[in-house]
Colleague: 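Here it is: the structure, laid out below.
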Amino acid sequence: MSLVPTIGLEVHCQLATKTKMFCGCPVALDAAPNASVCPVCLGHPGALPVVNERAVALGVRAGLALGCTVHEESIFARKHYFYPDLPKGYQISQFDRPLCTQGSIHVEIDGDRQRFGIHRIHLEEDAGKMRHTDAGSRVDWNRGGTPLIEIVGEPDLHSPEQAGAWLRMLHRVVVQAGVTSGDMQKGHFRCDANVSVARPGAPLGTRVELKNINSFRFVERALHTEIARQKKIIEGGGRVIQATRTWVGEKTVLLRSKEEAADYRYFPDPDIPVLKVRPEERSAQAAQLEAAPLDLHLLDSDGAQLAGFLERYGLREADGAALLCAPDLQACFEQAVSLGGAPVPMANWVRGPVSAVLNATDSTLSQSQLSPAHLVSLESLIDAGQINRGTARTLLQQVMQTGADPAKLVEDQGLAQVGDSNEIGAQVDAVLAAHPDEVARFKSGETKLKGYLLGQVMRAFQGRANPGEVKAQLEARLSGE
Ligand code: ZN
Ligand code: MN
């Protein structure tokens with residue numbers, strides 16, 4: 001008799017907010033360690049949490065996108081456990097009264113559209129982060145209190161491939177809805193998988209939870225490995241032990257034996273009133289979704305899709321995979337290429353400077369004024385030697401804000417690149433004459449001062465000089481004198 005796997009996935013999504021779930025601290029995960037913290041997110045006694053309205057709005061939007069019942073009243077609860085990155089000794093989450101319940105997701109697998117259930121979506125805060133170094137273990141609480149939704153799927157998946165397709169579709173839905181950036185490398189979309197095996201028709205087997213798998217491919221591989229491990233145990237007459245395991249390279253290893261809900265001693269957080277979602281707040285989020293309709297048919301069988309995409313555009317795998325995970329960026333990239341942009345520089349623009357501006361302004365591509373033609377135009381201004389790359393990046397911010405034509409901005413603001421070698425030579429001479437100490441130190445071996453001198457020349461041109469020409473002339477002067 002064959003054994004059938006049953007899989008349920010849980011996903012933690014970092015919500016696209018500027019500030020934390022219960023305090024005004026900026027979500028600044030890249031800041032210096034423990035720079036973005038306050039008495040609330042550090043859990044100091046007497047500090048009172050205040051619910052972030054935008055996080056609630058995004059949670060509501062996720063619920064609507066997944067066809068859930070969004071509850072007019074839900075309750076925040078304390079989930080107790082001890083860990084160094086959790087200073088309060090509990091996480092504020094939701095327990096028996098979550099924000100959303102009973103939704104669904106439609107996934108196309110081998111041309112066949114299948115429906116899977118979404119059990120619940122609840123709001124919660126993230127924990128901090130441990131950093132294990134040679135010098136010992138450190139804790140950084142910047143991430144502590146970051147707004148999350150936890151999306152819990154019904155255990156109605158029966159193969160690793162179904163699980164992979166489910167997860168990719170969920171990712172598309174929440175990213176397209178503008179709920180999260182979905183950046184998996186940064187941990188903005190993290191998956192836990194519960195898996196058990198049993199004979200058909202028999203009650204479900206003992207489940208094992210696989211923690212924090214942060215790539216689509218790893219989810220499938222980890223599940224294949226874990227299912228094979230459980231089958232081998234059962235076929236050998238043994239019993240699977242309920243536990244939490246993690247995926248390391250090619251195998252799953254034991255983290256801890258599994259806690260039950262009772263171990264967490266949940267109770268309603270006495271510091272936070274009942275969370276109410278008014279009908280007008282709900283319809284505002286529904287309207288946001290209509291503005292960005294979900295295309296549930298975008299999904300192909302993914303591996304083939306990625307391979308075809310990489311081949312079509314000659315991109316590196318990391319760039320291709322990242323674009324496919326962000327449908328708005330992918331569309332912008334593809335349109336730029338169809339307008340004549342070369343694929344690699346267009347991918348670099350979208351993945352690099354464009355994403356950086358969106359992250360810094362906590363906004364989405366559709367909220368900016370950028371069109372694919374702007375990127376083609378910026379790159380051709382660089383190719384034609386009219387501006388350097390630094391100027392182009394500065395211009396990008398203006399273009400994204402105003403939608404102005406880059407060529408016109410160059411003209412209006414006098415940003416054209418200075419490439420004239422006499423003009424550059426004269427400025428190099430002036431900078432060297434003004435910095436005799438630095439020149440002397442350079443000559444006695446402090447070679448890094450060349451970068452400083454180069455910076456001074458570029459500054460004199462307000463960044464508009466041709467950097468190659470400046471570097472060549474500077475090097476000639478420094479080695480010649
Ligand atoms: Zn704080
Ligand atoms: Mn959670």
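We count ligands from 1, going down the list as the structure has it; atoms in each ligand are counted the same way. Since this is a predicted model, take the numbers as computed values, not measurements.
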Colleague: Less than 3.5 Å apart, any donor N or O on the side chain of T180 or H188 sitting next to an acceptor on the other?
Modeller: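 No donor-acceptor contact under 3.5 Å links the two side chains.
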Colleague: To the nearest 10°, how many degrees is the angle C41 SG to the Zn ion (ligand 1) to C25 SG?
Modeller: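 Nearest ten degrees: 110°.
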Colleague: To the nearest 10 degrees, calculate the angle at the Zn ion (ligand 1) involving SG of C23 and SG of C38.
Modeller: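 Vertex at the Zn ion (ligand 1): approximately 110°.
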Colleague: Quick one: side chains of residues 31-47, donor-acceptor pairs under 3.5 Å with protein atoms, not counting sequence neighbours, listed by atom name and distance.
Modeller:
from, atom 1, to, atom 2, distance (Å)
N34, OD1, W141, N, 2.6
N34, ND2, V139, O, 3.1
S36, OG, P26, O, 2.6

Colleague: Is the closest side-chain donor-acceptor distance between H119 and Q102 under 3.5 Å?
Modeller: no
Colleague: With 2.8 Å as the limit, jot down which protein N, O or S atoms are around the Mn ion (ligand 2).
Modeller: H12 NE2, E124 OE2, E150 OE1
Colleague: Do Q94 and K79 make a side-chain contact, defined as non-hydrogen atoms from C-beta onward lying under 4.5 Å apart?
Modeller: no
Colleague: Check for me whether the distance between the ring centres of F189 and H12 falls short of 6.0 Å.
Modeller: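 For F189 and H12, the ring centres are not under 6.0 Å apart.
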Colleague: Tell me if the OH atom of Y313 is crowded by more than 12 foreign heavy atoms within 6.0 Å.
Modeller: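 Correct, the count exceeds 12.
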Colleague: Contact between T246 and V253 at the side-chain level, heavy atoms closer than 4.5 Å - yes or no?
Modeller: yes
